[in-house]
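Notes follow the structure.
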Amino acid sequence: MSNLARIERDPNYQELVRRRSSLGWMLSLIMLVVYFGFILLVAYAPKFLGIPLGSGVTTIGIPIGLSVIVLAFVLTGLYVRQANSSYDVLVRKIVEENRS
Amino acid sequence: MKKFSWLVVVLLAGMPTLALAAGTIDGGSKQATNWSAIGMFIGFVALTLVITYWAAKRTASAADFYSAGGGITGFQNGLAIAGDYMSAASFLGISGLVYTSGYDGLIYSVGWLVGWPIVTFLIAEQLRNLGKFTFADVTSFRLGQTDIRILAACGSLVTVAFYLIAQMVGAGKLIQLLFGLDYWIAVVLVGGLMMIYVTFGGMKATTWVQIIKAVLLLSGATFMAGAVLYKFGFSPEALFAKATEVHPKKIAIMEPGSLISNPLSAISLGLALMFGTAGLPHILMRFFTVKDAQAARKSVFYATGFIGYFYILTFIIGFGAITLVSTDAAFLDGAILEKTKSGIAAIKGGSNMAAIHLANAVGGNLFLGFISAVAFATILAVVSGLALAGASSISHDLYSMVIKGGTANEQDEIRVSKIATLVLGVLAIFLGIVFENQNVAFMVGLAFAIAASCNFPVLVMSIFWRGLTTRGALIGGFLGLVSAVVGVVLSPAVWEVTLGYAKGSAPIKLDNPALFSMALAFAGIWLFSVLDRSKRAAVDREGFDAQYIRSQTGIGAAAATTH
């Protein structure tokens, strides 16, 4: 039990939790807002998505839909890069320091 | 091992006879037996059986059986997750949807993808750090084992059952069309091969079957989309212009159509697609096959990339089919064409065949054979993943943890798992035959609704909320499960289409119940946890700190045991 308390007081652990949860929840929020924004557009403003781009038949809805897909991938990549470069380092430090 | 070799011999020997039988059945009709498809399919099956043999020799412990000993790399697991997710339903279904209504197909693709970032940010690493074989390991980490395992097993099995029935019926229909085999032979073949993969090769074989299929499917779809774009000088604008010219709905296919009319229904479906992904047991199980949290997170990143890329391809394939299939009399049913004057409505075998006919249009008979074999392989792989998830839930959660109280002998547990796989396989074959002529399209939606309303709320609350108690999880989880099932039965899709009551008489207007069933689940979990003053509740809350530290750092997490 004392080991748990020690980890909880470890500044590295506190930093890890703070950074991981703030990034994780923030990115989740972005994804939710973007996705449900898209769904609300589909439900309430389908005609907006049907506006043609320039003189052709391609509508504004196509790049919007595709960018939601690309955004999902980019956000995941951002999180993974952040986690690989800094969270894993913190985790290793915590494990090293609290080996009992 | 000897038993296994025998099965292989019998199966391989049986294969050409089946094909021959198909030839005689179809000899007189216009649907010729596709020999290149059958040849490539036999090749695929032979390869997967070799892999299963290899995996069977290396599968001794429970960890090998359930989680491939934790020896799968992040990249491999990313492919396997993508393979689990890119079912024949999504390949043929989404391209078919694009074929009939254009832009609406993209709405589904987006919905099916956006759950993945959420899985990465909130679930993947925590799951790997806390669990061992099933997601119930995580939800029951600090809560009462018996109750929570039963809840998780119910959630998993109901999800798996509906998903499995939908896949089996789809498989039977598809194979009947592609290979000219009888419906029941197709269903028995799929069920039989699935039982062999899972019982002998466990997670190792299932994963590799999934990886091979994912690679085949991604390459086939890439070739098809590339060939379509090539025909239009790599100009999407030219492709869209031609499509709007030949499609009876004209320019309307470039904007959201009638598919989503009611805003609440749209949001509800969106919730089910997004959070259902994070509650599918056969997907969650994959996070235990990698060595640590880092590999788990990388695997979702790769999976998100593959799946997103695949959905963009299906969009191009759907539009390609509009331009190349609906305008070619060879792919259309003359009688329907005469009546409706619409190449879209007249497609042979229904809109789900759009991608298959397109394969023929761009790559000839040989490529048609390849895509048909890939579609069959896809069904086999997805069905195997589902069966393994169901069997693990029975053997690990119910048998080992609930009935034996965690003291089960490892070999017994594996044996129960194999028996469970066989029972599930026989059941899947039986239900597949029973539901042959039913409309099962709602079942995939139902599986997602249950996953989003029962598995996901309990999982996410157990990981992040200190206040969660056993009683709260149990009542909230069952509320979500029951309301999702009732909501689907009372929805227009089942009440009016499947049960045949008058149009407009459905008691609930939402096509997907996730909006209220998820709300009920979260509200129930919160309320009954807050009100819980029992002794067990104190233990549940006290356990949170230790669980949280392990979920964040992985200290004490189950290690990989690969040799």
Side-chain angles (χ1 to χ4, degrees), chain A residues 1 3-5 7-8 13 16-17 20-21 23-28 30-32 34-36 38-54 56-62 65-66 68-73 75-77 79-81 83-84 87-88 90-91 94-95 98, chain B residues 103-104 106-107 109-111 113-122 125 236-238 240-245 251-252 254-257 259-267 269-271 274 293-294 297-298 300-301 303-305 307-309 311-312 315 464 545-546 548-549 552-555:
Chain A
M1 223 46 205
N3 199 26
L4 284 184
I7 294 180
E8 275 187 325
Y13 175 73
L16 171 77
V17 169
R20 196 207 300 268
S21 29
L23 184 72
W25 289 104
M26 190 183 73
L27 292 178
S28 301
I30 295 175
M31 196 67 245
L32 278 170
V34 170
Y35 174 55
F36 283 99
F38 175 69
I39 290 291
L40 290 177
L41 272 184
V42 167
Y44 286 104
K47 290 293 160 210
F48 168 75
L49 293 171
I51 298 172
L53 280 175
V57 297
T58 309
T59 53
I60 196 166
I62 305 277
L66 293 182
V68 181
I69 292 183
V70 173
L71 182 80
F73 179 64
L75 290 183
T76 312
Y79 176 84
V80 169
R81 209 182 68 173
N84 286 349
Y87 306 161
D88 287 344
L90 286 169
V91 167
I94 297 163
V95 172
N98 294 285
Chain B
Y103 194 83
D104 286 346
L106 188 62
I107 302 172
S109 300
V110 169
L113 186 72
V114 291
W116 288 105
I118 306 290
V119 171
T120 322
F121 307 149
L122 304 179
E125 296 171 63
E237 170 65 27
F240 296 146
K242 175 78 177 162
T244 51
E245 191 193 310
I251 192 77
M254 299 304 291
E255 63 181 41
L259 189 73
I260 290 166
S261 44
N262 168 354
L264 275 184
S265 201
I267 294 172
L269 177 69
L271 283 170
M274 188 171 203
Q294 188 189 50
R297 93 170 70 95
K298 279 186 189 159
V300 216
F301 173 62
T304 311
I307 297 166
Y309 171 68
Y311 283 155
I312 294 174
F315 192 62
F464 291 104
D545 285 327
Y548 197 68
I549 290 176
Q552 290 288 331
T553 62
I555 294 173

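The chains referred to below are lettered A, B, ... by the order of the sequence lines, with proteins before strands, and numbering in each begins at 1.
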In terms of heavy-atom pairs under 4.5 Å with chain B, which of [options] leads?
{"options": "I51(A), L40(A), L32(A), L90(A)", "answer": "L32(A)"}
{"options": "D88(A), I94(A), V95(A)", "answer": "D88(A)"}
{"options": "L23(A), L27(A), L75(A), V91(A)", "answer": "L27(A)"}
{"options": "S21(A), A72(A), P52(A)", "answer": "A72(A)"}
{"options": "I62(A), V68(A), L53(A)", "answer": "I62(A)"}

In Å, rounded to the nearest 0.5 Å, how long is the span from [atom1] of [X] to [atom2] of [Y]?
{"X": "I69(A)", "Y": "I307(B)", "atom1": "CD1", "atom2": "CD1", "answer": "11.0 Å"}
{"X": "E125(B)", "Y": "R20(A)", "atom1": "CD", "atom2": "CZ", "answer": "4.5 Å"}
{"X": "I251(B)", "Y": "T59(A)", "atom1": "CD1", "atom2": "OG1", "answer": "7.5 Å"}
{"X": "F73(A)", "Y": "I312(B)", "atom1": "CZ", "atom2": "CD1", "answer": "10.0 Å"}
{"X": "L49(A)", "Y": "I107(B)", "atom1": "CG", "atom2": "CD1", "answer": "7.5 Å"}
{"X": "Y13(A)", "Y": "I555(B)", "atom1": "OH", "atom2": "CD1", "answer": "9.0 Å"}

### Task
List for me each residue that meets side chain to side chain donor-acceptor pair (under 3.5 Å) alongside D545(B), sequence neighbours excluded, and say none if there are none.
R466(B)
#### Entry: Partners meeting side chain to side chain donor-acceptor pair (under 3.5 Å) with E8(A) (sequence neighbours left out)
none
For [X], which atoms come within 4.5 Å of any heavy atom of chain A: side chain, backbone, both, or neither?
{"X": "I549(B)", "result": "both"}
{"X": "I267(B)", "result": "both"}
{"X": "F240(B)", "result": "both"}
{"X": "T553(B)", "result": "both"}

Report yes if some heavy atom in the side chain of [X] is under 4.5 Å from a heavy atom in the side chain of [Y]; otherwise report no.
{"X": "L66(A)", "Y": "L106(B)", "answer": "yes"}
{"X": "E245(B)", "Y": "V57(A)", "answer": "no"}
{"X": "F38(A)", "Y": "V110(B)", "answer": "yes"}

For chain A, the option from [options] that forms the most heavy-atom pairs under 4.5 Å:
{"options": "M274(B), Q294(B), E237(B)", "value": "E237(B)"}
{"options": "L271(B), L264(B), V300(B)", "value": "L271(B)"}
{"options": "I118(B), V119(B), L113(B), V114(B)", "value": "V114(B)"}

Looking only at heavy atoms, what is the nearest atom pair of [X] and [Y], with distance?
{"X": "P46(A)", "Y": "P256(B)", "value": "O-CD, 3.6 Å"}
{"X": "A546(B)", "Y": "L4(A)", "value": "CB-CD1, 3.5 Å"}
{"X": "G77(A)", "Y": "F301(B)", "value": "CA-CE1, 3.2 Å"}
{"X": "Y103(B)", "Y": "G61(A)", "value": "OH-O, 2.5 Å"}
{"X": "T58(A)", "Y": "M254(B)", "value": "CA-CE, 3.9 Å"}

### Parallel, tilted or perpendicular: rings of F464(B) and W25(A) (30°, 60°)
perpendicular
